[in-house]
Number of protein chains: 2
Amino acid sequence: MHAMPMWRQMDPCAAGWRAMTGRGGHGHHHRSGRGGGPWGGGPPFGFPGGPFGRRQRMRRGDVRAALLVLLAEEPRNGYGLMQEIEQRSNGVWRPSPGSVYPALSQLEDEGLVRSEEGEGRKLFHLTDAGRAHVDEHREKLGEPWAAVSGAVDESAFELRDLMWQTGAAAMQVLQAGNEAQVARAREILTETRRSLYRILAEEE
Amino acid sequence: MHAMPMWRQMDPCAAGWRAMTGRGGHGHHHRSGRGGGPWGGGPPFGFPGGPFGRRQRMRRGDVRAALLVLLAEEPRNGYGLMQEIEQRSNGVWRPSPGSVYPALSQLEDEGLVRSEEGEGRKLFHLTDAGRAHVDEHREKLGEPWAAVSGAVDESAFELRDLMWQTGAAAMQVLQAGNEAQVARAREILTETRRSLYRILAEEE
DNA sequence: CGATCGTCAACGATATATCGTTATCGCTAG
DNA sequence: CTAGCGATAACGATATATCGTTGACGATCG
């Protein structure tokens with residue numbers, strides 16, 4: 001097994017984003033070598049459940065409602081349903097496979113939905129009974145994704161965008177910068193973090 | 001379908017991190033309403049392939065080597081192999097299902113590996129031939145994860161940690177701060193982004 | 001030797017499914 | 001009316017698999 005020359009070094013962007021994804025804290029945990037809980041190195045405010053908190057759940061029935069309403073438009077597979085909901089909610093809500101597939105199964109058991117296997121995917125259709133059900137309850141079913149998307153403050157989306165762009169900028173420095181420039185980026189981020197916490201520490 | 005009161009608003013942390021995951025830019029794209037390319041709102045430096053660039057690949061044979069070496073230790077399932085490699089590489093490399101499962105299948109076809117289904121999982125074992133193969137090529141197989149992990153500069157890990165913590169701080173402000181504080185966080189991040197790009201713009 | 005081409009391994013996306021945990025919420029008792 | 005309980009829906013993690021794209025790299029040619 002040949003050694004890997006420096007120009008073959010792993011893209012540090014991947015390393016960074018991997019740690020910041022939903023697997024969050026994974027790499028962090030291992031680097032700190034601490035046991036005692038998954039968020040040993042987390043923020044000082046004891047963020048409940050970890051740095052990103054525990055998201056609030058949709059209400060009971062929201063997943064079912066969303067599936068029924070979308071299937072009333074056209075047949076779709078499970079993955080496509082998840083994607084469509086995410087899109088219509090502006091990225092705020094993507095129902096998990098753990099909720100979508102059992103819900104589809106249940107709707108099938110109830111005779112509201114039927115499935116068709118083909119081409120490595122499973123297409124779900126409303127049955128006649130399902131269509132009647134949707135027609136009868138159309139107003140009550142509504143559009144769960146709309147409610148959840150509208151509930152997110154505009155500033156949250158903006159801050160999200162900014163975090164995105166800031167992360168990208170840091171990655172750029174890491175990729176294209178020399179040692180001194182990376183060190184400088186480190187200082188900037190350290191100061192940023194401090195400033196952010198200082199906001200909450202200050203009386204308004 | 002009842003309206004969602006403000007106290008039920010979606011956790012903005014989830015919204016933020018969702019947008020910053022590998023699905024990156026998805027929500028961003030839809031918010032900007034631009035067609036064109038997937039990174040319409042990306043950084044001004046035209047980051048190749050998107051804000052995170054395209055990661056460099058492992059060499060041909062690295063996935064196979066890693067699988068063989070780990071299976072020589074003990075039988076494992078596919079998912080477990082991916083996790084183990086990620087752990088041993090300090091989060092730098094997590095081989096994808098797209099590479100691991102075909103590689104396992106191929107190793108099986110070659111008679112080096114056999115599989116056993118049970119309890120909703122598929123356990124992979126080295127065969128005698130596989131064990132002989134590993135013993136014979138042990139030095140050449142090496143530990144692909146070690147090479148890749150060691151190739152990542154210490155500063156990359158540190159910057160990764162800092163990005164993590166900075167993101168968490170921003171989330172905290174968003175969750176616990178009032179309108180003015182969130183606006184202040186926005187300013188700070190805007191300045192940070194500017195400062196980061198300024199690093200690269202400056203002559204050293 | 002350097003450049004090009006062809007092959008195929010690795011990647012990211014697509015796709016399905018289940019399990020254990022936890023939050024929602026209707027029902028019931030006091 | 002309020003509090004507690006039980007049932008279960010939604011979530012995150014686990015788990016497997018395939019497809020289309022792209023980069024690695026050996027072979028061949030000039």
Side-chain angles (χ1 to χ4, degrees), chain A residues 2 4 7-8 10-11 14 17-18 21-26 38 48-50 52-67 76-83 85 93-108 115 117-124 144 148, chain B residues 2 4 8 10-11 14 17-18 21-24 26 38 48-50 52-67 76-83 85 93-108 115 117-124 144 148:
Chain A
H2 27 254
M4 182 186 287
W7 68 266
R8 290 280 332 286
M10 182 57 53
D11 184 352
W17 288 115
R18 197 185 306 278
T21 61
R23 297 195 191 96
H26 202 87
F52 325 113
R54 207 67 195 167
R55 61 165 293 181
Q56 287 183 342
R57 289 187 184 197
M58 302 303 288
R59 296 177 175 202
R60 288 184 169 220
D62 276 351
V63 173
R64 283 174 55 104
L67 298 182
R76 288 180 163 106
N77 67 9
Y79 190 78
L81 286 161
M82 287 183 259
Q83 286 186 313
I85 293 168
W93 177 37
R94 181 183 172 111
S96 64
S99 49
V100 168
Y101 288 109
L104 285 169
S105 285
Q106 190 181 51
L107 288 169
E108 223 173 345
S115 61
E117 300 248 12
E119 299 178 346
R121 59 182 55 183
K122 192 169 180 181
L123 215 50
F124 294 92
V148 79
Chain B
H2 28 250
M4 184 184 289
R8 291 280 336 280
M10 183 57 55
D11 184 352
W17 287 117
R18 198 184 302 279
T21 60
R23 297 194 193 96
H26 200 87
F52 325 113
R54 218 45 205 177
R55 62 165 290 179
Q56 285 184 344
R57 290 185 181 199
M58 301 303 289
R59 296 177 174 202
R60 287 184 171 218
D62 277 351
V63 173
R64 284 174 55 104
L67 297 181
R76 288 180 164 105
N77 67 9
Y79 190 78
L81 287 161
M82 289 184 259
Q83 285 186 314
I85 293 168
W93 176 37
R94 181 184 173 111
S96 65
S99 50
V100 168
Y101 289 108
L104 285 169
S105 284
Q106 191 183 50
L107 289 168
E108 223 173 344
S115 62
E117 299 247 15
E119 298 178 347
R121 59 181 54 179
K122 191 169 179 179
L123 215 49
F124 293 92
V148 80

Less than 3.5 Å between a donor and an acceptor, one on the side chain of R60(B) and one on the base of dC8(C), is that the case here? yes
Out of [options], which nucleotide sits closest to the side chain of [X]?
| X | options | answer |
| --- | --- | --- |
| Q83(B) | dT8(D), dT14(C), dT14(D) | dT14(D) |
| S96(B) | dC11(C), dT18(C), dT24(C) | dC11(C) |
| K122(A) | dT14(D), dC25(D), dA17(C) | dA17(C) |
| R57(B) | dT22(D), dT16(D), dC25(D) | dT22(D) |
| P97(B) | dT18(D), dA13(D), dC11(D) | dT18(D) |
| Y101(A) | dT14(D), dT18(C), dT24(C) | dT18(C) |
| P95(B) | dC25(C), dC11(D), dC11(C) | dC11(C) |

To the nearest angstrom, how far is [X] atom [atom1] from [N] atom [atom2]?
| X | N | atom1 | atom2 | answer |
| --- | --- | --- | --- | --- |
| L107(A) | dT8(D) | CG | C1' | 15 Å |
| M82(B) | dT14(D) | CE | C1' | 10 Å |
| L104(A) | dT18(C) | CG | C1' | 14 Å |
| E119(A) | dG20(D) | CD | C1' | 15 Å |
| R76(B) | dT14(D) | CZ | P | 15 Å |
| N77(A) | dC19(D) | CG | C1' | 14 Å |
| R94(A) | dA13(C) | CZ | P | 11 Å |

Which part of the nucleic acid, if any, lies within contact of G78(A), taking any heavy atom under 4.0 Å across all strands shown: a base, the sugar-phosphate backbone alone, or nothing? sugar-phosphate
With sugar-phosphate meaning primed atoms plus P, OP1 and OP2, does G80(A) contact a base, only sugar-phosphate, or nothing at under 4.0 Å between heavy atoms? nothing
Between S105(A) and Q106(B), which is nearer to the 5' end of DNA chain C once each is assigned its nearest nucleotide? Q106(B)
Pick the closest DNA chain D nucleotide for P102(B) and for G120(B) by heavy atoms, then say which residue is nearer the 5' end.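 Per heavy-atom nearest nucleotide, the more 5' residue is G120(B).
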Roughly how far apart are [X] [atom1] and [Y] [atom2], rounded to 0.5 Å?
| X | Y | atom1 | atom2 | answer |
| --- | --- | --- | --- | --- |
| D62(A) | W93(A) | CG | CH2 | 5.5 Å |
| N77(B) | M82(B) | CG | CE | 8.0 Å |
| S99(B) | R94(B) | OG | CZ | 10.5 Å |

Counting only side-chain N and O atoms of [X], is one of them less than 4.0 Å from OP1 or OP2 of [N]?
| X | N | value |
| --- | --- | --- |
| Y79(B) | dT16(D) | no |
| W93(B) | dA10(C) | no |
| S99(B) | dC11(C) | yes |

Within the 4.5 Å heavy-atom criterion, are Y101(A) and L81(A) side-chain neighbours or not? no
Using side-chain heavy atoms (C-beta onward) and a distance below 4.5 Å, is S115(B) in contact with E108(B)?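 They are in side-chain contact.
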Nearest heavy-atom pair of P144(A) and A65(A): which atoms, and what distance?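 In this case the closest contact between P144(A) and A65(A) is CG-CB, 3.9 Å.
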